[in-house]
Amino acid sequence: NRRFMTVGPLMAATGLSLLSLVTVHSPYLAVIGPLVVIAIGMGMTFVPLTLTVMSRVQPHEAGLASALLNTSQQIGGSLGLAVLVTVATSVTRAHQVVGLDGAAALAASRQAITTGYQSAFHIASGVAFFGFLLAATVVRGAKPLQVTAPEPEQSPEAEPAIA
């Protein structure tokens, strides 16, 4: 699991970095290739993360651990997306050219949008690379929690067996 949780964010960072190189005139393969790399990297990260978390808690805490993991992923994804959209929008607005019309306005608008996305993908790549560094330094290959069956309780009314 550790290997996947380390390589996954690195693959995602690589894919996001490649997306930051896309230009207005890039072919579709320049987009789909990095998206596939990101998808594989994310799959290599989230599935082992879930397995690791769930294997290291007692059965009676499994619901809580699952809820915390899912909530963290949902909030992290929402906040991350909000930050990246804000960056892309701000950079796009800063690069818009006014006073043009026709084909020149369309070309300038496309270039501004592409520049905004490039900036957002640079930041996302940095965050994913930080995830790689975190996984490489924090995640250890410790053994899963050993679950022991509880010993049956004797009721106070039960009399000891006479042999």
Side-chain angles (χ1 to χ4, degrees), residues 1-98 105-145 147:
N1 281 345
R2 181 178 191 266
R3 185 176 322 152
F4 290 116
M5 287 192 303
T6 304
V7 173
L10 187 59
M11 286 184 69
T14 301
L16 289 163
S17 184
L18 290 171
L19 277 179
S20 72
L21 302 175
V22 171
T23 66
V24 173
H25 302 290
S26 293
Y28 187 68
L29 285 176
V31 176
I32 195 71
L35 288 177
V36 169
V37 173
I38 293 167
I40 293 170
M42 298 302 268
M44 290 176 66
T45 302
F46 286 118
V47 173
L49 176 65
T50 302
L51 292 173
T52 300
V53 168
M54 296 310 294
S55 71
R56 298 196 179 173
V57 296
Q58 293 286 344
H60 68 277
E61 295 175 334
L64 176 64
S66 177
L68 286 173
L69 177 65
N70 286 321
T71 301
S72 299
Q73 289 175 342
Q74 294 294 321
I75 291 174
S78 298
L79 289 175
L81 183 61
V83 168
L84 294 176
V85 167
T86 301
V87 167
T89 303
S90 298
V91 171
T92 298
R93 284 187 182 157
H95 284 84
Q96 283 182 336
V97 180
V98 293
L106 183 60
S109 175
R110 288 179 178 166
Q111 183 59 47
I113 291 170
T114 303
T115 303
Y117 280 118
Q118 287 172 336
S119 299
F121 286 130
H122 271 109
I123 292 171
S125 175
V127 170
F129 189 75
F130 178 73
F132 159 72
L133 293 176
L134 197 63
T137 57
V138 173
V139 177
R140 296 288 170 235
K143 293 182 181 178
L145 183 66
V147 179

**Message:** Let's go through Thr89 and Thr92 carefully: what are the C-alpha distance in whole Å and the side-chain angles of both, what is the deciding distance for side chain to side chain donor-acceptor pair (under 3.5 Å) to 0.1 Å, and is it a yes or a no?
**Reply:** CA-CA 5 Å; Thr89 303; Thr92 298; over 6 Å; no

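- Here the straight-line distance linking atom OG1 of Thr137 with atom CG of Leu133 works out to 7.0 Å at 0.5 Å rounding.
- Between the side chain of Thr71 and the backbone N or O of Ala67, at least one donor-acceptor pair lies under 3.5 Å.
- Here CZ of Phe46 is found 9.0 Å from CG of Leu69. Values are rounded to the nearest 0.5 Å.
- Ile40 contributes atom CD1, which lies 11.5 Å from atom OG1 of Thr45 (distance to the nearest 0.5 angstrom).
- A heavy-atom distance below 4.5 Å is not found between the side chains of Val83 and Thr86.
- Panel note: side chain Ser20, backbone Ser17; a donor-acceptor pair is recorded below 3.5 Å.
- A pairwise comparison of heavy atoms in Ala120 and Leu84 identifies O-CD2, 3.4 Å as the closest pair.
- Side-chain N or O atoms of Ser109 include none that pairs as donor or acceptor with a backbone N or O of Ala105 at under 3.5 Å.
- The heavy-atom pair separating Pro9 from Gly131 by the smallest distance is CB-C, 3.9 Å.
- Between the side chains of Gln111 and Thr115, a donor-acceptor pair is found at a separation under 3.5 Å.
- Under a 3.5 Å cut-off, the side chain of Ser125 and the backbone N or O of Ala13 do form a donor-acceptor pair.
- Between Met5 and Pro48, the shortest heavy-atom distance links the atoms CG-CB, 3.6 Å.
- Between Val22 and Ala30, the closest heavy-atom pair is CG2-O, 3.6 Å.
- Separation of atoms CG (Leu134) and CZ (Phe129) is listed at 12.0 Å; rounding is to 0.5 Å.
- One distance of note links OG1 of Thr23 with CZ of Arg110; it measures 12.5 Å at 0.5 Å rounding.
- Residue Leu21 holds its CG atom at 7.5 Å from CD of Gln118, rounded to the nearest 0.5 Å.
- Counted within 6.0 Å of CZ on Phe4, heavy atoms from surrounding residues, nucleotides or ligands total 12 or fewer; the atom is thus considered open.
- Residues Ile38 and Leu19 form a side-chain contact, since some pair of their non-hydrogen atoms from C-beta on lies under 4.5 Å apart.
- Between the side chain of Arg56 and the backbone N or O of Leu51 there is no donor-acceptor pair closer than 3.5 Å.
- Under the 3.5 Å distance criterion, the side-chain polar atoms of Ser66 are left unmatched by any main-chain donor or acceptor of Gly63.
- Here the closest non-hydrogen pair linking Ala65 and Val53 is CB-CG1, 4.2 Å.
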